[in-house]
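Structure record follows, encoded as structure tokens.
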Amino acid sequence: MKLLRDTSLIFNRQLGLLLRNPVWIFVGIFQPVMYLLLFAPLLKPALQVRTNAEAYQIFVPGLLVLLAIFGGLFQGFGLIAELRAGVIERARVTPISRLALLLGRSLRDTVSLISQAVIITVLALAFGLRVFIGNLLLAYLLLALISMMTSAISYGVALVLKSEDALAPAMNTVSQPVLLLSGILLPLTYAPGWLQGVANWNPFSWAVKGIRALFQGDLGAPAVWQGLLIMAALAILAVGWAAREFARSVR
């Protein structure tokens, strides 16, 4: 019960800080919306599909995963600012759970991501996207696991590096190959065999496959459950590691 109470306190504080300046939610979706408006119309002939709905069922899931990965991996910059301002240092004198310090922040990031995902999905519906509501909710669960994992990793790395100058290249170095090998913009079925083999070791490629299957109405596809299991396991590992880093920083 103490963990839940402490997590709720941190979450409410962090959410309040976000809502005081909601422009960050719209800044976060600006690039995905530009992709949706300017890039997606080219997909129908490129993917050789019959309708715009089919093209968006392939493209929008990748766009949402892109948002979850980038939105999570760069959350550590805010934590470094709090470290510099002494916010984390002051937590040392409180009895608050060190795990709650992480979970409250990561849950705030997840709520922000899902809000952005809903906006993008609604916009895509206006362009012809069709998806079952049950499948969509399961896809949002998968996105939430991705956000929880990537934000936890970002917070953990930020606590280790304690410098924006070091965090930026570290996150960029990790994010670029991860994104390119996940088939976010276009399915990797169009890639050479060796590239597909390498991509199979990228957990985000399984998440993209799973969400695409959900958007296409294939709830029973193995990729859906494989993606959920992989992301859930990685989220637990990431949260456990980042929580230990919080415990070391707030002793």
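Given the structure is predicted, the values throughout are model-derived calculations rather than measurements. Position 1 is the first residue of the sequence; numbering continues from there.
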Cut-off 3.5 Å, no hydrogens considered: what does the side-chain donor-acceptor table look like for residues 133-143, sequence neighbours left out?
residue : atom : partner : partner atom : Å
N135    : ND2  : L214    : O            : 3.0
Y140    : OH   : T121    : OG1          : 2.8

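- By the ring-ring contact (aromatic ring centres under 6.0 Å, His included) test, F59 pairs with F39, sequence neighbours left out.
- No continuous path of ILVMFWY side-chain contacts below 4.5 Å connects L229 to L234, so the two sit in separate hydrophobic clusters.
- S182 contributes no side-chain N or O that, together with a main-chain N or O of S205, makes up a donor-acceptor pair within less than 3.5 Å.
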> Do F132 and F215 pass the side-chain contact (heavy atoms from CB on, under 4.5 Å) test, and can you show the C-alpha distance, the side-chain angles, and the key distance before you say yes or no?
Replying inline: CA-CA 7 Å; F132 294 114; F215 270 69; over 6 Å; no

> side-chain contact (heavy atoms from CB on, under 4.5 Å) between K162 and L83: does it pass, once the steps are laid out?
Replying inline: CA-CA 8 Å; K162 297 182 175 64; L83 281 168; 4.3 Å; yes

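- The shortest non-hydrogen separation linking A221 to A213 is CB-CB, 3.8 Å.
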>> Would L67 and L63 count as a side-chain contact (heavy atoms from CB on, under 4.5 Å) here? Give the steps.
In response: CA-CA 6 Å; L67 188 63; L63 202 58; over 6 Å; no

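- Note that CG of L167 and CG of L79 are 9.5 Å apart. Values are rounded to the nearest 0.5 Å.
- Heavy-atom minimum distance, L73 versus S175: CD1-CB, 3.8 Å.
- How far CD1 of I114 is from OG of S147: 7.0 Å, rounded to the nearest 0.5 Å.
- Residues passing the side chain to side chain contact (heavy atoms under 4.5 Å, CB included) test with V160, sequence neighbours excluded: W241, E245.
- For the pair P203 and I230, the tightest heavy-atom approach, listed with the atom from each and the gap, is CB-CG2, 3.7 Å.
- Put simply, L125 and I119 are part of the same group of oily side chains (I, L, V, M, F, W, Y) that touch within less than 4.5 Å, one to the next.
- For the pair M148/V239, a side-chain contact is recorded, criterion being any heavy-atom separation below 4.5 Å from C-beta on.
- Taking hydrophobic clusters as Ile, Leu, Val, Met, Phe, Trp and Tyr residues chained together by side-chain heavy-atom distances below 4.5 Å, L179 shares a cluster with I58.
- Residues passing the side-chain hydrogen bond (donor to acceptor under 3.5 Å, both in side chains) test with T150, sequence neighbours excluded: none.
- In this structure a side-chain-to-backbone donor-acceptor pair under 3.5 Å is missing from W206 to A223.
- Pairs engaging residues 105-128 under the salt bridge (Lys or Arg N to Asp or Glu O under 4.0 Å) rule: E82-R105 [sequence neighbours left out].
- V65 and W201 end up in different hydrophobic clusters when Ile, Leu, Val, Met, Phe, Trp and Tyr side chains are linked at under 4.5 Å.
- When side chains are defined from C-beta on, V111 does not count as touching L107, because their heavy atoms never get closer than 4.5 Å.
- Sorted by first then second residue, the side-chain hydrogen bond (donor to acceptor under 3.5 Å, both in side chains) pairs that include residues 163-174, not counting sequence neighbours, are R84-E164.
- Between the side chain of S8 and the main chain of L4, no donor-acceptor pair closer than 3.5 Å is present.
- Taking the side chain to side chain contact (heavy atoms under 4.5 Å, CB included) definition, one finds that A124 meets it with L36, Y56, V60, L129, sequence neighbours left out.
- Side-chain atoms of S151 and S106 include a donor-acceptor pair closer than 3.5 Å.
- For the atom pair Q176 CD and L181 CG, the distance stands at 11.0 Å (nearest 0.5 Å).
- Put simply, I69 and I236 are part of two different groups of oily side chains (I, L, V, M, F, W, Y) that touch within less than 4.5 Å, one to the next.
- Considering every non-hydrogen atom in both A207 and I146, the closest pair reads CB-CD1, 3.7 Å.
- Checked against ring-ring contact (aromatic ring centres under 6.0 Å, His included), F70 has the following partners two or more places apart in sequence or in another chain: F74.
- With rounding to the nearest 0.5 angstrom, the OG1 atom of T7 is 9.0 Å from the CG atom of L101.
- Annotation: F77, atom CZ; neighbour count of heavy atoms from other residues, nucleotides and ligands within 6.0 Å is above 12.
- The closest donor-acceptor contact from the side chain of Q75 to the backbone of S154 lies at 3.5 Å or more, if one exists at all.
- Among residues at least two apart or in separate chains, there is no side-chain hydrogen bond (donor to acceptor under 3.5 Å, both in side chains) pair with a member in residues 217-235.
- Shown here are the side-chain hydrogen bond (donor to acceptor under 3.5 Å, both in side chains) partners of R212, two or more places apart in sequence or in another chain: there are none.
- The shortest side-chain heavy-atom distance between M171 and V157 falls under the 4.5 Å cut-off.
- Atom OG of S97 and atom CG of D6 lie 5.5 Å apart (nearest 0.5 Å).
- Remark: A243 pairs with L99, L102 by the side chain to side chain contact (heavy atoms under 4.5 Å, CB included) rule, at least two apart or across chains.
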